[in-house]
Engineer: 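Below is one structure. I have some questions about it.
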Amino acid sequence: MSFRKPIVTLAGAAALTAILAPAAAAHAAADWRYVAEYRSVTACRSVGQSLVAQHRAREYRCENTYTESGTPVLDLYVR
């Protein structure tokens with residue numbers, strides 16, 4: 001009987017994680033705000049770091065993307 005308690009505990013923790021993880025991920029993804037488009041990594045990082053230093057954002061990220069003409073650029077997002 002002593003082996004049932006840890007198994008039930010682990011099963012309950014796994015079920016709770018399966019329920020809460022997608023909700024937390026959706027919330028985290030929803031609060032990123034698009035700022036601008038940059039042609040270089042240096043420019044994107046510089047502006048992102050500046051916004052964080054000025055306390056206008058908590059963090060930033062630069063994502064690779066393409067313009068309509070197919071030119072590679074970086075989108076700056078902050079939260």
Side-chain angles (χ1 to χ4, degrees):
M1 290 288 189
S2 65
F3 68 91
R4 289 182 78 175
K5 188 174 183 178
I7 291 174
V8 171
T9 302
L10 288 175
L16 185 61
T17 301
I19 292 169
L20 296 178
H27 177 69
D31 63 352
W32 287 98
R33 182 176 49 89
Y34 173 79
V35 176
E37 183 177 276
Y38 296 93
R39 301 251 179 223
S40 71
V41 174
T42 305
C44 187
R45 286 183 181 166
S46 175
V47 173
Q49 289 171 351
S50 175
L51 291 171
V52 170
Q54 296 170 10
H55 302 288
R56 295 175 61 198
R58 291 184 311 247
E59 59 184 318
Y60 73 94
R61 72 177 187 209
C62 297
E63 288 189 355
N64 293 325
T65 188
Y66 296 91
T67 62
E68 290 180 6
S69 64
T71 307
V73 293
L74 292 155
D75 288 342
L76 173 63
Y77 293 92
V78 297
R79 65 169 153 179

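Computation of the quantities below employed the complete heavy-atom set of this structure, encompassing side-chain atoms and omitting hydrogens, waters and symmetry-equivalent molecules.
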Engineer: Counting C-beta onward and ignoring hydrogens, is there a side-chain heavy-atom pair between Glu59 and Arg79 closer than 4.5 Å?
Structural biologist: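 Yes; the side chains approach each other to less than 4.5 Å.
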
Engineer: Do you know the tightest heavy-atom contact between Asp31 and Arg58?
Structural biologist: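 Smallest heavy-atom distance, with atoms named: OD2-NH2, 3.6 Å.
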
Engineer: Would you mind checking if Glu63 and Arg61 are paired as a salt bridge, meaning a charged N to carboxylate O distance below 4.0 Å?
Structural biologist: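 A salt bridge links Arg61 with Glu63.
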
Engineer: Output the distance between atom CG (Leu51) and atom CZ (Arg33), rounded to the nearest 0.5 Å.
Structural biologist: 7.5 Å

Engineer: With a 4.5 Å cut-off on side-chain heavy-atom distances among I, L, V, M, F, W and Y, is there a chain of contacts connecting Val52 to Val47?
Structural biologist: yes

Engineer: Should the heavy atoms of other residues, nucleotides or ligands under 6.0 Å from OH of Tyr34 be counted, would the total exceed 12?
Structural biologist: yes

Engineer: Quick one: which residue pairs count as a side chain to side chain donor-acceptor pair (under 3.5 Å) with a foot in residues 38-48, not counting sequence neighbours?
Structural biologist: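 Matches after skipping sequence neighbours: none remain.
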
Engineer: Taking side chain to side chain donor-acceptor pair (under 3.5 Å) as the test, write out the residues that go with Arg56, two or more places apart.
Structural biologist: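 Partners of Arg56 by the side chain to side chain donor-acceptor pair (under 3.5 Å) criterion, ordered by chain and then number, come out as Gln54.
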
Engineer: Tell me whether Tyr77 is reachable from Tyr60 by hopping between hydrophobic residues (I, L, V, M, F, W, Y) whose side-chain heavy atoms are closer than 4.5 Å.
Structural biologist: no

Engineer: Do Thr65 and Leu74 come within less than 4.5 Å of each other through their side chains, counting heavy atoms only?
Structural biologist: no

Engineer: So, for Cys62 and Leu76, which heavy atoms are closest and what is the spacing to 0.1 Å?
Structural biologist: SG-CD1, 4.1 Å

